[in-house]
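Notes for the one structure printed next.
Computed from heavy atoms alone, side chains included, the values below leave out hydrogens, waters and symmetry copies.
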Amino acid sequence: MKKEDFLNLRAWFQNYVRSFYSEDTFISQNVLLKEDHSIRVCENASMIAISEGMDEENYYLALTIALLHDIGRFEQISKYRTFNDRRSENHALLGVKILKSEGILAFVSPEEQEIILTAIQNHNLRNISAELDGKTLVHARLIRDADKLDIYKILDDYYVTKTKSPNPAIDHGLPDVPVYSQHLIQDIFNNRIASTDGLNSCNDMNLTRLAWLFDLNFTETFRLVKEGGYIEKIIKSLPQNSEIDAVRVHLIKYMDSRLENT
């Protein structure tokens, strides 16, 4: 993948997203949310790729995957008025279908097409496919890190405005009540990626996001999570008690250990 190829895809992306601009305030708000998210995920992918010493070909391949990873979100929010895959359809698979139907990757080599589509298809899975290896695995891991990193930032920004401007799309339609599920707490204490099945509240969703820490792959990602103070900020959104404080201590200890061992 060359710089020129990426720039051509970025121009296509901008035109494609504009086709979803709407006078509907809810749709417009969330199209812009995902457009900005995609751009910032590119920036995150750039930082991670540089930290890993990637060559130019893989650098722009990583940026391409980052740019296109959520391409299915625009049709999803416009058609279903939600980002909840269970209430609509899997946005990653929808994105792969859109990219194939648009034919936008026709100029890319078959190998790079396969890497791009496979990484996008895997970016939102609870666990990455065990069948991936080599370059495909590296890029699948990189987009998962870059994506999670920006979602942490989105949540950080949202906590500031949520009281005055709640966005059901970010909350996935879950009730904002002062309860949480014990099995998610146990997932965290056992260093497990938490399942999003059967979530009952915004607190449950935020616990699954805290458990993303166990799915991060690159030192640069851990460094940026720590620098942003994202774990502590999500913790502050939860009920404040000794159990949640123990979760905070456990997560910070895990993050610090990953940074110390590099």
Side-chain angles (χ1 to χ4, degrees), residues 1 6 9-10 12-13 16-17 19-20 27 30-31 33-42 44-45 48 61-105 108 110-155 169-173 193-197 199 205 208-209 211-212 214-218 221:
M1 179 72 66
F6 171 72
L9 285 167
R10 190 172 68 181
W12 173 84
F13 171 85
Y16 179 80
V17 173
S19 72
F20 291 93
I27 299 297
N30 286 293
V31 166
L33 177 74
K34 285 301 178 180
E35 181 178 18
D36 292 344
H37 166 67
S38 298
I39 292 167
R40 289 194 305 268
V41 173
C42 284
N44 293 340
I48 297 168
L61 185 57
L63 264 61
T64 295
I65 295 166
L67 180 71
L68 302 176
H69 80 285
D70 262 357
I71 201 69
R73 286 298 199 189
F74 304 103
E75 181 174 320
Q76 182 187 45
I77 194 67
S78 299
K79 183 177 180 180
Y80 301 104
R81 302 182 72 83
T82 183
F83 288 137
N84 188 323
D85 286 5
R86 288 179 175 79
R87 297 179 182 177
S88 53
E89 60 181 301
N90 184 316
H91 73 278
L93 297 181
L94 176 59
V96 168
K97 183 171 70 174
I98 289 167
L99 291 172
K100 287 180 176 179
S101 66
E102 290 283 330
I104 190 59
L105 299 177
V108 178
E111 179 193 8
E112 289 183 331
Q113 283 188 43
E114 183 66 23
I115 292 171
I116 292 167
L117 296 176
T118 301
I120 291 173
Q121 187 170 328
N122 276 266
H123 89 270
N124 67 329
L125 298 179
R126 180 181 180 186
N127 295 293
I128 204 165
S129 172
E131 299 177 358
L132 304 189
D133 58 18
K135 187 189 291 188
T136 304
L137 180 60
V138 170
H139 282 287
R141 285 174 170 170
L142 195 153
I143 183 54
R144 287 166 70 91
D145 275 30
D147 186 31
K148 290 177 174 66
L149 188 57
D150 190 62
I151 295 174
Y152 281 151
K153 182 192 183 305
I154 288 173
L155 292 174
I170 294 179
D171 291 329
H172 286 247
I193 305 166
S195 172
T196 55
D197 291 335
L199 300 183
M205 178 61 77
T208 68
R209 289 157 171 164
W212 284 349
F214 307 121
D215 189 44
L216 300 183
N217 300 281
F218 299 96
T221 315

Using 0.5 Å steps for rounding, measure from the [atom1] atom of [X] to the [atom2] atom of [Y].
X: Ile65; Y: Cys42; atom1: CD1; atom2: SG; answer: 10.5 Å
X: Thr208; Y: Leu199; atom1: OG1; atom2: CG; answer: 5.5 Å
X: Leu117; Y: Leu99; atom1: CG; atom2: CG; answer: 6.0 Å
X: Glu35; Y: Asn30; atom1: CD; atom2: CG; answer: 12.5 Å
X: Ile170; Y: Phe83; atom1: CD1; atom2: CZ; answer: 8.0 Å

Indicate, with yes or no, if the rings of His69 and His37 have centres closer together than 6.0 Å. yes
Between [X] and [Y], what is the shortest heavy-atom contact and its length?
X: Asn44; Y: Ala146; result: ND2-O, 3.1 Å
X: Ile77; Y: Thr82; result: CD1-N, 3.4 Å
X: Ala62; Y: Ala45; result: O-CB, 4.1 Å
X: Asn84; Y: Ser88; result: O-OG, 2.8 Å
X: Asn124; Y: His91; result: ND2-CE1, 3.5 Å
X: Ser38; Y: Asp70; result: OG-CB, 4.2 Å

[X] side chain to [Y] main-chain N or O, any donor-acceptor pair under 3.5 Å?
X: Arg144; Y: Leu125; result: yes
X: Arg40; Y: Leu149; result: no
X: Glu89; Y: Gln76; result: no
X: Ser78; Y: Glu75; result: no
X: Asn217; Y: Asp145; result: no
X: Thr118; Y: Ile115; result: no
X: Asp150; Y: Val41; result: no

I'd like to check the side-chain contact (heavy atoms from CB on, under 4.5 Å) partners of Arg81; sequence neighbours left out, ordered by chain and number. Asp24, Phe26, Ile27
With side chain to side chain contact (heavy atoms under 4.5 Å, CB included) as the criterion, how do Phe13 and Ile104 come out once you've worked through the C-alpha distance, each side chain's angles and the decisive distance to 0.1 Å? CA-CA 10 Å; Phe13 171 85; Ile104 190 59; over 6 Å; no
Compare all side-chain heavy atoms of [X] with those of [Y] and state whether any distance is below 4.5 angstrom.
X: Val31; Y: Val17; value: yes
X: Ile71; Y: Ile120; value: no
X: Leu137; Y: Ile128; value: yes
X: Phe74; Y: Ile98; value: no
X: Asp171; Y: Met205; value: no
X: Arg141; Y: Phe218; value: yes
X: Thr221; Y: Leu142; value: no

Derivation and outcome, side chain to side chain contact (heavy atoms under 4.5 Å, CB included), residues Tyr16 and Leu68: CA-CA 11 Å; Tyr16 179 80; Leu68 302 176; over 6 Å; no
Name the one of Glu114, Glu111, Glu112 that satisfies side chain to side chain contact (heavy atoms under 4.5 Å, CB included) with Lys135? Glu111
With Ile116, the side chain to side chain contact (heavy atoms under 4.5 Å, CB included) member among Thr64, Leu67, Val96: Thr64
Check whether Phe20 forms a cation-pi arrangement with Lys34 (NZ or CZ under 6.0 Å from the six-membered ring centre, at most 45° off the ring normal). no
Among Arg86, His172, Arg209, whose side-chain hydrogen bond (donor to acceptor under 3.5 Å, both in side chains) with Thr196 holds? Arg86
Quick one: do Gln121 and Asn90 satisfy side chain to side chain donor-acceptor pair (under 3.5 Å)? Show the steps, please. CA-CA 9 Å; Gln121 187 170 328; Asn90 184 316; over 6 Å; no
Which word best sums up how the rings of Tyr152 and Trp212 line up, parallel for under 30°, tilted for 30 to 60°, or perpendicular for over 60°? tilted
Would Arg126 and Asp215 pass as an ion pair if we require N to O under 4.0 Å? no
Tell me which pairs pass salt bridge (Lys or Arg N to Asp or Glu O under 4.0 Å) where either residue lies in residues 93-104, with sequence neighbours left out. none
